[in-house]
Amino acid sequence: MKAVCVDDEKLGMEYLVTLCEKIDILDEVKGFTKSREALEYSESNLTDLALLDINMPDINGITLASKLREVNPDIRIVFVTAYEQYAVDAFSVHADGYLLKPVNIEVLKNEIEYVLSGVKKEHQDHIVVKTFGDFDVFVDGDKVSFSRSKSKELFAYLIDRQGRAVNRAHIFSMLWDDGVYNRSMQKQLDVIIRSLKTTLQQNGIGEILEMQSGTIRVRTELINCDLYKYLEGDEEAIGKYQGEYMNGYSWANFSDR
């Protein structure tokens, strides 16, 4: 899950980011000393949690919380401040938590795990990925239809990668194992990637795909996947595996898991 930490004091922001990076439930943590920059980031990146100071010069934490909720109504807001007197204002914007500085790792970890406890389950109930047997994706029980078979295969491969990022050249070698990665095929790969993004967005799950610095990955924390549950030792998932994994894809080898 993604979090932003906003504090106009750089040392305070960096300290909070350092603590958050030690909390397993958080996959990515970004720190900002300016509220506007945090808001701009959240407008283009689905953010699950915001840890906000309140007394800030450009946009105060209360106003920033309201603006972040306009971008993502489901974002969890925790205020981290040195002042008790802002508590009433904080809860007027339906804050999920209120911590007084200085915070330690145990207090912060407990608060974050508490406010995010239902988020992961909500996402996972929404998006279900089946890898045992044929590969399929379901959103609220409805099967996702991919307009291009290569786009579906690309998504299957990203699921198989278990959240690890993959670059474009690697994707090409997987989709066209005997192809030449020339300019023409680079354009064809662009079409496949755009088609995948469009399909996911049309099904309301565009946030599951993360693209940055020329790489692509899936956010595994948003997915209820039989493979992931199997690897976690889930007995039900283990019972469902009957020796078939992502049928039809030559690169899919369950024994490598």
Walk me through whether Phe132 and Phe254 qualify under ring-ring contact (aromatic ring centres under 6.0 Å, His included). CA-CA 9 Å; Phe132 297 162; Phe254 190 77; 5.7 Å; yes
Can you list the steps and then say if Tyr230 with Thr131 is a side chain to side chain contact (heavy atoms under 4.5 Å, CB included)? CA-CA 11 Å; Tyr230 180 100; Thr131 66; over 6 Å; no
What verdict does the side chain to side chain contact (heavy atoms under 4.5 Å, CB included) test give for Arg76 and Asp48, after you've listed the backbone C-alpha separation in whole Å, the side-chain angles of each residue and the deciding distance to 0.1 Å? CA-CA 6 Å; Arg76 271 34 175 191; Asp48 303 291; over 6 Å; no
Between Ile77 and Val115, is a side chain to side chain contact (heavy atoms under 4.5 Å, CB included) present by the stated rule, with each step listed? CA-CA 8 Å; Ile77 304 289; Val115 302; over 6 Å; no
Applying side chain to side chain contact (heavy atoms under 4.5 Å, CB included) to Trp251 and Glu153, what does each step give before you reach the verdict? CA-CA 10 Å; Trp251 47 262; Glu153 183 175 1; 2.8 Å; yes
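Shown here is Lys130, whose NZ atom has more than 12 heavy atoms of other residues, nucleotides or ligands within 6.0 Å.
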List the atom pairs, donor and acceptor, that lie under 3.5 Å between side-chain atoms in residues 167-176 and the rest of the protein, sequence neighbours left out.
unit_1: Asn167; atom_1: OD1; unit_2: Ala169; atom_2: N; d: 3.3
unit_1: Asn167; atom_1: OD1; unit_2: His170; atom_2: N; d: 2.8
unit_1: Arg168; atom_1: NH1; unit_2: Asp190; atom_2: OD1; d: 3.3
unit_1: Arg168; atom_1: NH2; unit_2: Asp190; atom_2: OD1; d: 2.1
unit_1: His170; atom_1: NE2; unit_2: Tyr157; atom_2: OH; d: 2.7
unit_1: Ser173; atom_1: OG; unit_2: His170; atom_2: O; d: 2.8

Show every donor-acceptor pair shorter than 3.5 Å between a side-chain atom in residues 8-25 and any protein atom, with sequence neighbours excluded, or say none if there are none.
unit_1: Tyr15; atom_1: OH; unit_2: Val103; atom_2: O; d: 2.9
unit_1: Thr18; atom_1: OG1; unit_2: Glu14; atom_2: O; d: 2.9

Would you list the atom pairs, donor with acceptor, under 3.5 Å between side chains in residues 191-199 and any protein atom, with sequence neighbours excluded?
unit_1: Ser195; atom_1: OG; unit_2: Ser147; atom_2: OG; d: 3.1
unit_1: Ser195; atom_1: OG; unit_2: Ser151; atom_2: OG; d: 3.2
unit_1: Thr198; atom_1: OG1; unit_2: Arg194; atom_2: O; d: 2.9
unit_1: Thr199; atom_1: OG1; unit_2: Ser195; atom_2: O; d: 3.1

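Here the side chains of Ile159 and Met246 are in contact, with some heavy-atom distance below 4.5 Å. Side-chain contact check for Phe135 versus Asn247: every heavy-atom pair is 4.5 Å or farther apart. With contacts defined as side-chain heavy-atom distances shorter than 4.5 Å, the pair Leu52/Val80 does not qualify. Using a 4.5 Å heavy-atom cutoff, the side chains of Gln186 and Gln188 are not in contact. Side-chain contact between Thr81 and Tyr98 is present, with at least one heavy-atom pair separated by less than 4.5 Å. For the pair Lys2/Lys30, no side-chain contact is recorded, criterion being any heavy-atom separation below 4.5 Å from C-beta on. Side chains of Leu39 and Phe32 form no contact here, defined as non-hydrogen atoms less than 4.5 Å apart.
Salt bridge absent: Asp160 and Arg217 never bring a charged side-chain N and a carboxylate O closer than 4.0 Å. Between Lys240 and Asp234 there is no salt bridge, since no side-chain N of the basic residue sits under 4.0 Å from a carboxylate O of the acidic one. Under the 4.0 Å criterion applied to side-chain N and carboxylate O atoms, Lys101 and Asp7 are assigned as salt-bridge partners.
Of the possible donor and acceptor atoms, none in the side chain of Arg69 sits under 3.5 Å from a partner among the backbone N and O of Leu64. A donor-acceptor contact shorter than 3.5 Å links the side chain of Gln242 to the backbone of Gly239.
Scanning both residues, Ala156 and Tyr249, for their nearest heavy atoms gives CB-CE1, 3.5 Å. The minimum heavy-atom distance linking Leu222 with Ile208 is given by the pair CD1-CA, 4.0 Å. Contact record, Met56 with Ser35: CE-OG, 3.3 Å, taken as the closest heavy-atom pair. The two residues Cys5 and Val29 make their nearest non-hydrogen contact at SG-CG1, 3.8 Å. Minimum heavy-atom separation, Ala50 to Leu68: CB-CD1, 3.7 Å. The shortest non-hydrogen separation linking Tyr181 to Leu189 is OH-CD2, 4.0 Å.
From Asp96, atom CG reaches atom OH of Tyr114 across 9.0 Å, with rounding to the nearest 0.5 Å. Distance check, rounded to the nearest 0.5 Å: NE2 of His126 to CG of Asn203 gives 9.0 Å. With rounding to the nearest 0.5 Å, the separation of CG in Leu51 from CG in Leu49 is 4.5 Å. To the nearest 0.5 Å, atom CZ of residue Phe155 and atom CG of residue Leu200 are 5.5 Å apart. Annotation: the span from Ile127 atom CD1 to Phe138 atom CZ amounts to 13.5 Å, rounded to 0.5 Å. Here the CG atom belonging to Leu26 is positioned 10.0 Å from the CD atom belonging to Glu221, to the nearest 0.5 angstrom.
Under the rule for a side-chain contact (heavy atoms from CB on, under 4.5 Å), the partners of Thr47 that lie at least two apart in sequence or sit in another chain are Val4, Tyr41, Ser42, Ile75. Shown here are the side-chain hydrogen bond (donor to acceptor under 3.5 Å, both in side chains) partners of Asp53, two or more places apart in sequence or in another chain: there are none.
Sorted by first then second residue, the salt bridge (Lys or Arg N to Asp or Glu O under 4.0 Å) pairs that include residues 132-141, not counting sequence neighbours, are Asp136-Lys143, Asp136-Lys152.
Between the side chains of Gln212 and Glu210, at least one donor N or O sits under 3.5 Å from an acceptor N or O.
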